**Q** 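Please find one structure pasted underneath; my questions will follow.
Please read all numbers here as calculations on a predicted model, not as lab measurements. Chain letters run A, B, ... following the sequence lines, proteins first and then strands; every chain starts at 1.
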Amino acid sequence: MSFLDRITEGWRKNRKPGYYEEFDYHWAMTIDLDQCSGCGACVTACQAENNLPIVGEDAFTKGREIKWLRLEHYWEGEYPDVKLNVIPMMCQHCDSAPCETVCPVSATYHNQDGLNTQIYNRCIGTRSCAVYCPYEVRYFNYNDHAWESPLDQQLNPDVSVREKGVMEKCTFCIQRIRQAKDNAKDDGRRRVRDGEVQPACVQTCPTKAMVFGDRNDPKSQVSQSLNDPRAYKVLDELNTHSSVVYLKKVEAEG
Amino acid sequence: MDGELNQLKYTDIHNDVVRSIVETGPNYYIALITAFAFTLICFFFPWFYQLYYGIGAAGMNHPGVWGTYLASFIFWIGLSHSGTLLSCVLHITNSSWRKAMYRSAEAMTLFSLVVAAIMVMVHVGRPWFIHWAAPYPNQMEMWPNFRSPLLFDVMAITTYLTGSTIFIYMGSIPDFAAVRDRTQGWRNTMYSLMSLGWRGTDTEWHRLHWAYTFLAVLIIPLAVSVHSIVSWDFAMSIVPALHQTIFAPYFVVGAIYSGTAGIVTVMFVLRKFMDFGQYITELHFDNLGKLLLVLSLLWTYINIVEVFTGFYSGASGEIEALNYRLFGFYAPLYWEMIAFCAIAPLLCAFKSFRTSFVPMLVLSIAINIGMYTERFLIVATSLSRQYLPDAWGLYVPSAVEISILLGTFALFTTLFLLFVKVFPSVSMYEVKETMESPKKSTPAASEGSPA
Amino acid sequence: MPNIDRRDFIKLVGAGGVGVGAGVVLRESIKHPREHLIPHVLAPEDYSSGVATWYNSVCSMCSAGCGISVRTREGRAKKIEGNPSHAVNQGGLCAVGQAGLQVLYNPDRVTGPLLQAAGRGSNDFTQITWDDGLTRVASRLDVLRAAGRGNRVAVLTRGTSGHLAELLEAFGQGLGTDRLLHYDYDHPHALHVANQRFFGEQQLPYYDLANTRHLLSFGADYLAGWLSPVHHSLGFAQSRHGGDHRGHFVQIEPRMSPSGAAADEWIPARPGTEGILALGLAHHIVASGHYEGDDVDAWQEVLSAYTLARVAQETDVSESTLRQLAESFANTRPSLAIGGDGAANNSNGVDTLVAINALNYLAGNVGEMGGVIFNPDPGGATSHSRQANYQTLAQLAESARSGEIDVLILNDANPVFTMPVASGFKAALEQIPFIVSLSSFIDETSALADVVLPSHTYLESWGDAFPEQGVGFSIGAVSQPVVAPLYDTKATGDIVLDLARRVGKPMPWNSTEECIKDGWNKIYQESDSNTKTESFESFWTALLKAGVWGKKNHRMTETSRPNANTIASIGVDAPTFSGDAEVYPFVLQPYLSTMHDGRAANLPWIQELPDAMTSVVYGSWVEMNPKTAKDLGLTEGDLVDVESPEGAVRAPILVYPAIRPDVIAMPIGQGHTNYGRYASNRGTNPLEILSPVVDENSGNVASNATRVKIVATGKHVEIVKTSGKSRDLGRDIVQTTGGDDHTAQTNSIPITVIPT
Amino acid sequence: MNVSIQPALKSLRTAALIALVAVVGVFMGYFIDFLITDNPEVSAPEQPIAFSHKIHAGDNEIPCQYCHTEARRSPSAGVPSVNKCMGCHNEVATDSPLIRQVSEYWENKEPIPWVKVHDLPDFVHFTHKRHVQAGIACQTCHGPVETMDKIAVHSRDNDGPTLMASTTGEITNSETSEVGATQNDHWEMGLCLNCHKQHDVVDGKAVRVDDGGFDNGLDCWTCHK
């Protein structure tokens, strides 16, 4: 094989999603839009679990809210034949993520579990990842945030509080995943059981519209849900190979 | 060659230039102090406030996470393409008319690069960790991400900065020597250090010319690459209206365009306030005018292509983004840009216009305003209209941002003012090269033969 | 190096010194500051540092009574999650439930007993001791009780259930007052009355959404606010994708609610005509012979007036739609019709709900899985017998005005905020000589209190709950303290017990915990032998561990079928509205937002939770149909005065695509004047301008029966919302598919009950 | 006419020399501070009670986890509660002045405000549990605590994790292994990474391997989350 071929070969190898031969776990999430009622419980759950700051009205006015998980609203049609479609939007943990290529300091990279990481203490705040992310789910700390005492007593000790100048985003509740792995080790297990770990949003969803699990395990609930004929990915045409899969909303025939 | 230079004696050249260095009128000091004061008030104070408060001091938000800081960064990089690149090209093409102006041009390169580098510091959220973007062995055993266009940037800019510095310094060595021979005291000491013991022997001249040409050839591709890479910061993304194949050439052309305009401005200033009237003549403005005309046409062409392909794509994202740029909140800025950068320069078609100084000055400034707008629009309008309409937003620069923007110009001016007092801002020996050798009898010759 | 003279040498030394100094300073400055390790004095048994401990308890943010598991670290509550083994919510929990943490950690909590000496509403409180505070109250109570005028004491508490409610009753009896009122703005009075009238059942039945295949919801926002939203959400999901057949959901309401958005069909009927619509459907069902039960003639007679033609004309819903609705409702088995919120809060609310009951009866949905199921009777007083409706409160106000009340004891109830200004309730309260509040916050009502005796939050105190709307069978849950009290506060029960002791009517318990345990001991004794454990103590620990206890026997008894009079009494008149339609062209619909009846407005997480439909945060707005807005020349953010016959409130316009052109909607919850830093002076409270139109049958205010007009102020404000452009420009972000490739999801948990 | 660079250099010599000395001074100052403040004898902070690990862990050979009970089941090693101290010191050495201080705290029901010596930044979520359970001796990172009267961070040159394992490559869990040779570095990321690169977990115990992978906890999210 010629030199050129070897180059291209090597290049392809490096172009493997996530730059791993295979993932150890491959965490994925499905969200059934036909079951989601848009109640926003997941949004609050995320805020509570991940020490998201209370930014205040002013920040919202400026468009500087920090919501790792947000609900997007899309109206369809006009009165009286009008519909509201709600879709929860969070980091899609793309296996070929635009944000990962652009970070100059590798503060965001793909880890062995197919997760798109964000290392706060490595981030220097070029904000280029937020520009490159087509889902716009990366949020920047434009200033330090305060928790008026005693609200600070609620802060989750397993999650770092981010300082000004740092990018942040949904981590699939990595602290819970690590905890689950920790428990597995305590029980002398190699692997985390299916359903043993759930991000805050999935755990709290009143309609159980969200499923989270390991895509590598064909028997896992999420794998089954991924085979649903209604499964689709948002902005799939961009080939980001996202790990969050939505199930189409069903248009009633009646 | 132009008539004026012929009446000049080598001595006059020396005297003029050395005078421009040694003799400093009160105006200079006033200018310098004002410039510096502005730098402090408009640039450093707001910046320190921002360091204390966070980037929130600027108007950026979600999704408009990039703003004027990045626009300024590109703008100054662009401006830097005036000098070194230009003077390299002209040096190789051996066009003698450049010789009077190239040094100040190169100085522009240098300082705009410096300002650009500072803008990066202003832009990032945690500048105190900026060194992490540099590859160096450390206890964290971490390396930067070599796939990142931003890292390419770091590399390219540092290389370019080094290159240009060497280029301008080497070109000035004989003149340092000349100044050294005409000054006493600390200046003499300083210039003897800077001239590295230049004697003016044939070997030295030979080596200088060889090395100089060599560098010139080296720098041209470098300069081109730098702005291509800057363009990739955007083009490598998948954001509608940023993800453009044409961006690299677009940016390079734009850079040279604004750079050339920048030179016109600077030369006007030099001519006016350092009365180099005899060295910087209509001829230079004429040629630069022609250059501007060509560049403006190129630039317009690329703009048309960009808009056309955008609309032709039929992709909702592209079309919305372009719509927003052309008819949205920032539309006035867009049309202002078209007026300044595409239409106004057409005046350069007339020699009478090219050779009249004040109109050229106005035009050059207009062009650079237009070019800044272009960079701002690229950043601001594309980010606020991306794939998910629910996440659309509007970014408006804050007072801090605008003040810092103005501050950068003050900073640039300060640096430049210092430069003209240290460097011979007109290259003496090269000007001489363009003159007939003087008659034997003149006393000037004895001390004046090249160096 | 050649000679260095003395000068140079000194310079060198100086330079070196400065350099060294600089170096030392540099290192010292970048060194991490010292921290301290503070150990326990006495190591706690129930947790070890760095490891999370979970406690099961009950959510008290609304009356649904979901089970919660609270995650604590180092003795601090960190997160509230749904208790997976609690049948009501099965692990799910709504936003407000999670924000309960901010009730506990709210910076505006009352940290100790307060005295408002400077006069009511002055908000000038001074700290006092518990003993002082209690004596101030007890002395007054004692005098009255001794004089046998205990009835001059009124107790106004937020809806409390379980044994705490009984404790309060015992206290009331001890004092000899019958003025013990529970008050929740959103208590479904009309529903109780309607069920009483049609089924002869005091308590609420169980609406089995999970198993229904066709839900007809008349204005009931069952996914966001109605009765037990989380449980309904589970049912909704179960019906949609739990089985092989996808449930069909229809929402009939003039303004699209979250439930309307989730439904398959949204039918904007004229406000107040839901009952007529229901009877129209009933008419069609009977007329077309779908109903094979008895009294067919009686039914036909009573329904004869409600021909589809007339109904269509009155409800503004096309006849074909009505027919198709009736057909599918009758033919799909099982089907279910529910009514509440918008439909119930009209002058004809009870009639409407009776009509809906009738519809269910005629379609054969009563006592059927997937229909209306009746809970086993929990016994004792139901919430309805305790709950005060508008008229009761009006009477209280009246007697207050006429000076019949000397002492008012408030417990977390905030009627001043939720009662219409027209009722003059606030003014009446001010007539009462002495008001004591047991609330944890200074809300609008507590601001009138002379003495504040702050009680624990629900995360610090004992309690229990028997979710009334329930899960089809009776369950109960114990609410236990998950953290040590943050401040110098006491449990409501303990305060009451203490007062009782001080007025010489001591109760058999020394603490709330005892009272609760006592109550559960009875339950334990009565519980069937098969669930018995060896001792009550083991039962108790098991209970606290599980957080919930229940029997799994559906009642499903055939309810007494409606007799002739009941049938004859069925009928819905056109709704009456206050205000002349000429002057006041729009009907105002105040609806319950995430803030509930305003009690959640002081929780920053809820303030920052984008509204489910409009994505607005912080503040209130006026929803208006695009067409109406166009006609009035209004755009989003235009500040308008919403004027009713009773007064006006000011809020910005929000153009809302899914609301009838003749209806204006405003969210309830904002507009607090006195409820902490996060709630105060933010937005407006639409309840202020309601006319006191009362539904005689339920005795409650008809909150949808007020007409308003819109007066533009010419001012403009920016509505703070997170959504940019809420239209996907053909970008297929939310994709849809035909009903055919429906698939069953396995992710809805079957209902579990803890055997004890 | 003189064109040489020499005279200029000469005239600048003193200035240059001074500058040089100053710069060197800065480095020296930094280093001196290093030597002084990080020298165990000097750097060990004054504790509210002069508790000696030497007496407890060294002379009396009390196992570390007798007091730091949490270490094996919690991310944080845990500081013994005051009544833990009193548990022994009701009988032991009750008359010594130091113990009297302890019992004072105990009687006032006040915690003893120990000064933290081994400190990690807040964004590092280290877990003792896993390391202890993997059989890594405390001394591996904390240094020969049982020889210290005052606990101090050591910062002699760190030869990396090679010192952590005994010659066999096995890591012994005995508190008296030759970890005495271990000097922990000032606890920077490189230290963790080196060890993780060179060790893997085989049936619950850490052993030497040639090259570790991500599953050895080299993923940044192992500690930074």
Side-chain angles (χ1 to χ4, degrees), chain A residues 18-25 27 49-51 93 100 103 105-123 152 155-163 166 168-179 181-192 199, chain D residues 65 69-79 116 118-136 171 173 186-193 195-197 199-207 209 211-225:
Chain A
Y19 317 101
Y20 296 91
E21 291 300 329
E22 78 272 354
F23 292 123
D24 180 6
Y25 293 82
W27 301 114
E49 173 72 16
N50 294 303
N51 298 344
H93 291 271
E100 287 167 12
C103 177
V105 293
S106 299
T108 178
Y109 67 93
H110 223 63
N111 83 348
Q112 77 286 357
D113 290 356
L115 294 175
N116 171 262
T117 64
Q118 177 66 35
I119 309 303
Y120 312 120
N121 47 307
R122 176 70 176 176
C123 177
D152 51 356
L155 290 175
N156 183 352
D158 298 339
V159 178
S160 315
V161 171
R162 284 76 61 182
E163 76 163 352
V166 171
E168 62 184 71
K169 66 160 190 73
C170 159
T171 63
F172 269 175
C173 285
I174 181 63
Q175 67 279 9
R176 292 179 172 219
I177 296 176
R178 303 286 334 177
Q179 184 63 50
K181 288 183 172 180
D182 200 52
N183 298 344
K185 285 180 185 154
D186 289 354
D187 309 0
R189 274 180 286 135
R190 264 294 277 110
R191 310 286 295 177
V192 174
Chain D
Q65 295 187 31
T69 43
E70 317 272 279
R72 77 181 82 79
R73 56 179 114 88
S74 159
S76 64
V79 192
K116 201 171 184 181
H118 293 107
D119 195 9
L120 286 173
D122 295 349
F123 53 73
V124 181
H125 298 268
F126 172 85
T127 165
H128 277 87
K129 180 182 175 180
R130 290 263 73 84
H131 291 83
V132 173
Q133 289 191 5
I136 296 165
I171 299 186
N173 194 17
H186 19 107
W187 285 22
E188 280 166 332
M189 198 167 122
L191 183 78
C192 311
L193 290 186
C195 191
H196 276 257
K197 279 178 187 157
H199 295 84
D200 198 349
V201 178
V202 175
D203 45 48
K205 293 274 169 276
V207 293
V209 292
D211 64 329
F214 266 118
D215 48 351
N216 297 7
L218 290 186
D219 178 10
C220 306
W221 257 353
T222 313
C223 295
H224 304 305
K225 37 186 187 256

**Q** Is the closest side-chain donor-acceptor distance between D/Arg72 and D/Gln65 under 3.5 Å?
**A**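 Their side chains do contain a donor-acceptor pair, which is all the 3.5 Å distance test asks for.
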**Q** State which residues pass ring pair (Phe, Tyr, Trp, His ring centres under 6.0 Å) with D/Phe126; sequence neighbours excluded, sorted by chain then number.
**A**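 So D/Phe126 forms a ring pair (Phe, Tyr, Trp, His ring centres under 6.0 Å) with D/His128, D/His131.
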**Q** So which of A/Asp158, A/Thr117, A/Ile177, A/Val161 has the biggest tally of heavy-atom pairs under 4.5 Å with chain D?
**A**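 Looking at each of A/Asp158, A/Thr117, A/Ile177, A/Val161 in turn, A/Thr117 comes out on top.
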**Q** Would you mind telling me which of A/Asn50, A/Ile119, A/Leu115 has the largest number of heavy-atom pairs within less than 4.5 Å of chain D?
**A**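 Greatest number of close heavy-atom pairs with chain D: A/Ile119.
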**Q** How long is the gap from CZ on A/Arg122 to SG on A/Cys103, to the nearest 0.5 Å?
**A**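 Nearest 0.5 Å value for the CZ-SG distance: 8.0 Å.
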**Q** Who are the side chain to side chain donor-acceptor pair (under 3.5 Å) partners of D/Lys129, not counting sequence neighbours?
**A**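 Scan of D/Lys129 (side chain to side chain donor-acceptor pair (under 3.5 Å), adjacent residues dropped) gives A/Asp182, A/Asp186.
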**Q** Side chain, backbone, both or neither: which part of D/His224 has a heavy atom under 4.5 Å from chain A?
**A**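 Both parts, heavy atoms under 4.5 Å.
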